[in-house]
**Q** 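I have a structure I would like to understand better, so I am pasting it below and will then ask my questions one at a time.
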Amino acid sequence: MTYLDKDLTTIHEALVNKEVNPKELADEARSKIAKTNGKLNAFNLVIDNEEYKESDSILCGIPYALKDNLSTKGIKTTACSDTLKDYVPVFNATAYEKLCDSGALLIGKTNLDELAMGGTGTTGNTGIVHNPWNISHMAGGSSAGSASSVAAGIVPYAIGSDTGDSIRKPAAFCGVVGFKPSYGLISRYGLFAFASSLDHVGVFTRNVKDAAIIVDHIKGYDKKDMTSIRDMDDVSLVNGLDGNIKGKKLFYIDEICNKDNYDNPKTKEMLDNFDSLLEKAKDLGFEVYKESVDIKLLNAIKPIYDCISCAEATSNNSNLTGIPFGPRGNGENVMDMMKDARTKGFSPLIKRRFVIGSFILQKENQEKYFLNAKRVRRLLVEIFNKLFEKYDGLILPCSSAGAPSLEQASDKITRNDIILENHLAIGNFGGYPSITIPCGFIDKMPIGVNITGKFKGDANVLNMAYALENTLEFKNQTAKGEF
Amino acid sequence: MAYHVIVGLEMHCEMKSKTKVFSPATNAYTPSANTNVNEIDLGFPGILPTLNMECVKKAIMAARILNCEIPKKMMFDRKNYYYPDLPKGYQITQNTMPVGVHGNIDVECNGSIINVSIQDIHLEEDSAALDHLDTMSLIDYNRAGVPLLECVTDPCITSADAAVAFLDTMCKIYQYTDISDADTKKGQIRCDVNVNLQDDNGNYITPKVEIKNINSFANVKNAIIYEYERQSKAYEEGKMDELIQETRRFDEETGTTVHMRSKVDAIDYKYFVEPNIPPFIIDDEFVKEIASQIPMLALERKQMYTDKFGLDELSAIVIVKEKSLADYFENCVKIGIDAKIAANWLNGSIISFLNKEEISISDFYLKPEFLKQIVDSLNEGTISSKQAKEIFNKSLEERKEPKEFISSDNKQISDEKYIEEVIDNILANNEDNIAAYQNGKTNVFDFFVGQVMKETKGKANPNITKELLHKKIDKS
């Protein structure tokens, strides 16, 4: 009998009925990790005790996994970067602290693309993270290990972070639920900053209700994060799940979903799946509309994201010099020491982003690249804010196909489906609540559909996903691959 | 054509606050390194700044005093550069929208008032302090994140004296408003000085030189004078190629300025808006309330002391040097001590006591109420001015109210009947001495006074004693 492949309510009831105890659950998680990590490489650290606080929370005594870019006091946090390979934080991320207070049982830290910069799960210093549906495919990134571990049934939920689509894309690739709430609903304090204006903490689960439960536990105003939302402490997301979506209005974007724009048969298959999903949605009581957004703006999503994220990233990671912490570099003088530490500490992919970010921020380039990117971001946000006044949510496929095989894995996008692969960043531009749920398979690899709603409309977005999930047959699924 | 020196100042002042500007670590001077530090000050991964509103209010107050325009929005920027004293790799400062712009302030310099125009004043965080030893450098992060106010003047100051007068005025403003202790000895004030020469038509005739990080007013003065001489010599001799737009530093030992880097090596700080501090509206009510808390400042008080209280210029200047002195003085006047008498006490015994003990007036035992006890007794003639001094010292020594010494053993005896009795007793036993006195040995008179004092333990009123003695033993 295994428990950690079940939903939270089931596991909690088993604990309450004393069918199982937290120690046994922790053992189950550890033995699954021991069995699978050679193939999946989801974890870089396994906790060998089962300390947790007693509480009356549903999460009490239930193991979970944390992306290794959330600060855990006394527990190594590396962001899968050589620069931080021995870094032991002295303070807790707020989200982690809240889970501790709820009695949640941390079982391990999961692998990511180095410093969360990447979308493949292949660039961390601990190697490639594999997709449990087929280990020759990527899990997606950057929250690769969190997605993989939930899909594999090792833990019922895992915490991730999402700057462009780093929760919602790997969730789609691994056939699980990935939810990034409104910007500021979960404190970013203790999340290693990638791009501060885009970074979100979020969650992977195997059903929408569990996502609502977890976010209810870790959300809340935090005086340590000036961007955190002050007026949603009283909102219960799980209580908002009544499945009543009669008359809710969804829209999709024609420029993204029009099959005529694509040649790839897999993308056409993806869009067929999407069409049938829309039909199911209509049958449920949703109203579904087609909207049009200027293709020029949609084409700008990726470059804007690159500009803003690289610029903020280069500044945010300027602390990694080997001076206050991290491996000390060698050199004749202190500037050379810092150069040495930074040259050795990062992979070429990271350095490339820093160089781009630095270039964009240079006085002579800022206006043209950085400030223009911010202007177009605002334009897009204004457009979507208006659309969200009219509609309850935006519904779109998460990608152009399922998880690519590792042979195709590349962080350089050369395909012609740039918009379809990058539109999830809209959720980060506007800080919108955005959720991915599994909606089918292409070539035995899972695919996902995304629903995004207006800022602070988290309860509505979750409820729409909850209703849709109930008509599909992928709720609580675990990966069927060999691992 | 005639020319003169033209100076612009960038004055950094460490602010007083309970906690640092973006972290909850204590903002206080401590000799033990790296104790007032938390993860935010160290720039650990995952930290976020939290803006200290106490600092914001004080910054707005400073902007108001400097007659600056205050923007409608409060926002911060990152200044990005690598240096071992900058743990995050960027400094949070205000570049796009400083808390105050386009201000001006009156400064008194050598007896006349000049107006210094202010380009901007902004709130930012300090870096860590570096201590360079022979074989290594040490970093003290206590200073990292300490709130700083940077005030930038226009290039409008035309002498070294005026520059120092401006800095002095600013320090007084900071002290009077409790924005800062502005203590140069503790390194709380640091200046960058921009110097070049301007002809009488207002044209700059030498390139601008920036002298970085000067930490005393004397050095500011010396640096300006040195630069003026260096630049004018090169100018006069036609050696303009010696002059370039550059950054120099002041060398205290030689009293000269030394080249650091030229304009072409200038750092691009890649400023951008700090994403972790959402801009917020500064509403008029907020500013108004802060403005209402601005106390009367030094220059205004000095004028009041001379015009209204009739103090001489010098006494007034000494008193307004420190707000606590000025407050003490005003409290004395408020409870009824004559202003000039209070000023005399303050500028005499009190300040010399403070200097001797190296304490500030806030730690001074004799509150104005206590001082009044001495002054009143002196006025009433119950004590002599010599006794007043003694009571002043005794009171400080024993930390007891002056009235205890006045009412008991130090109180003068002015009871004529009693003194007469004492005199009669003495005279009765000294007939030879009376005779000697009456035969012209006038110094015997002092002997009789001494005897009276001995008998009364020095408490007999000397004037009455003398008067009565004369009456009794002088030949009529």
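All values derive from a computational prediction rather than experimental measurement. Lettering of chains follows the sequences in order, A, B, ..., and the numbering in each one begins at 1. Just the heavy atoms: all of them, side chains too, but no hydrogens, waters or symmetry mates, feed the values below.
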**Q** Side chain from CB out, backbone as N, CA, C, O: work out which of these in L84(A) comes under 4.5 Å of a heavy atom of chain B, or both, or neither.
**A**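 The answer is the side chain of L84(A).
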
**Q** Take the angle between the ring planes of F91(A) and F44(B) and call it parallel below 30°, perpendicular above 60°, tilted in between.
**A**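 Answer is parallel, since the angle falls under 30°.
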
**Q** Counting only heavy atoms not in E69(B), do more than 12 fall under 6.0 Å of its CD?
**A**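 Yes, because the 6.0 Å sphere around CD of E69(B) holds more than 12 heavy atoms from other groups.
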
**Q** With a 4.5 Å cut-off on side-chain heavy atoms, are P49(B) and K224(A) touching?
**A**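 They are not in side-chain contact.
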
**Q** Using heavy-atom distances under 4.5 Å, tell me whether S358(A) contacts chain B through its side chain, its backbone, both, or neither.
**A**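 For S358(A), backbone and side chain are both near chain B.
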
**Q** In terms of heavy-atom pairs under 4.5 Å, which option from P45(B), P275(B), S137(B) contacts chain A the most?
**A**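 Max contact count across the listed options: P45(B).
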
**Q** Which residues in residues 88-101 of chain B have any heavy atom lying under 4.5 Å from a heavy atom of chain A?
**A**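 When heavy atoms of chain A are the reference, residues 88-101 of chain B contributes K88(B), G89(B), Y90(B) within the under-4.5 Å range.
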
**Q** Would you indicate whether the side-chain heavy atoms of Y189(A) and E39(B) approach each other to under 4.5 Å?
**A**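 They are in contact (side-chain heavy atoms under 4.5 Å apart), so the answer is yes.
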
**Q** Output all residues satisfying ring pair (Phe, Tyr, Trp, His ring centres under 6.0 Å) with F359(A), sequence neighbours left out; order by chain, then residue number.
**A**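 Here the qualifying residues are Y369(A).
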
**Q** Could you check whether any side-chain heavy atom of S315(A) comes within less than 4.5 Å of a side-chain heavy atom of K270(B), counting everything from C-beta outward?
**A**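 No, too far: nothing below the 4.5 Å cut-off.
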
**Q** For Y83(B), is it the side chain, the backbone, both or neither that has a heavy atom under 4.5 Å from a heavy atom of chain A?
**A**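 Interface part for Y83(B): both.
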
**Q** Given a strict heavy-atom distance threshold of 4.5 Å, which part of N276(B) is in contact with chain A: side chain, backbone, both, or neither?
**A**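 Interface part for N276(B): both.
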
**Q** Any chance you could lay out the side-chain contact (heavy atoms from CB on, under 4.5 Å) test for R78(B) and N316(A), step after step, and finish with the verdict?
**A** CA-CA 10 Å; R78(B) 285 188 189 178; N316(A) 280 333; 2.8 Å; yes

**Q** Return the minimal non-hydrogen interatomic distance between N319(A) and G43(B), and the atom names on each side.
**A**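 Here N319(A) and G43(B) meet closest at ND2-O, 2.8 Å.
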
**Q** More than 12 non-hydrogen atoms from neighbouring residues, nucleotides or ligands closer than 6.0 Å to NZ on K351(A), yes or no?
**A**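 Atom NZ in K351(A) is crowded, with more than 12 foreign heavy atoms closer than 6.0 Å.
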
**Q** Quick check for you: to the nearest 0.5 Å, what is the distance between I308(A) atom CD1 and F272(B) atom CZ?
**A**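 Reported value, rounded in 0.5 Å steps: 11.0 Å.
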
**Q** Tell me, side chain or backbone of L51(B) under 4.5 Å from chain A's heavy atoms, or both, or neither?
**A**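 Looking at L51(B), backbone and side chain both touch chain A.
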
**Q** Going by heavy atoms in the side chains, are Y82(B) and R342(A) under 4.5 Å from each other?
**A**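 Of all side-chain heavy-atom pairs linking R342(A) with Y82(B), at least one is under 4.5 Å.
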
**Q** Under the side-chain contact (heavy atoms from CB on, under 4.5 Å) rule, what do L48(B) and R188(A) come out as? Steps first, then yes or no, please.
**A** CA-CA 8 Å; L48(B) 296 170; R188(A) 285 181 296 121; 3.8 Å; yes

**Q** Filter on salt bridge (charged side-chain N to carboxylate O under 4.0 Å, His left out), then keep only pairs touching residues 359-374 of chain A, sequence neighbours left out; what's left?
**A**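 The answer is E367(A)-R375(A).
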
**Q** Side chains of residues 320-329 of chain A: which donor-acceptor partners sit under 3.5 Å, not counting sequence neighbours?
**A**
{"unit_1": "T321(A)", "atom_1": "OG1", "unit_2": "I323(A)", "atom_2": "N", "d": "3.3"}
{"unit_1": "R328(A)", "atom_1": "NE", "unit_2": "G322(A)", "atom_2": "O", "d": "2.7"}
{"unit_1": "R328(A)", "atom_1": "NH2", "unit_2": "I323(A)", "atom_2": "O", "d": "3.1"}

**Q** Need one label for Q362(A): side chain, backbone, both or neither, based on atoms under 4.5 Å from any heavy atom in chain B.
**A**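 Contact with chain B is through both the backbone and side chain of Q362(A).
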
**Q** Please determine whether the number of non-hydrogen atoms from other residues, nucleotides or ligands lying under 6.0 Å from atom NZ of K456(A) exceeds 12.
**A**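 Yes, because the 6.0 Å sphere around NZ of K456(A) holds more than 12 heavy atoms from other groups.
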
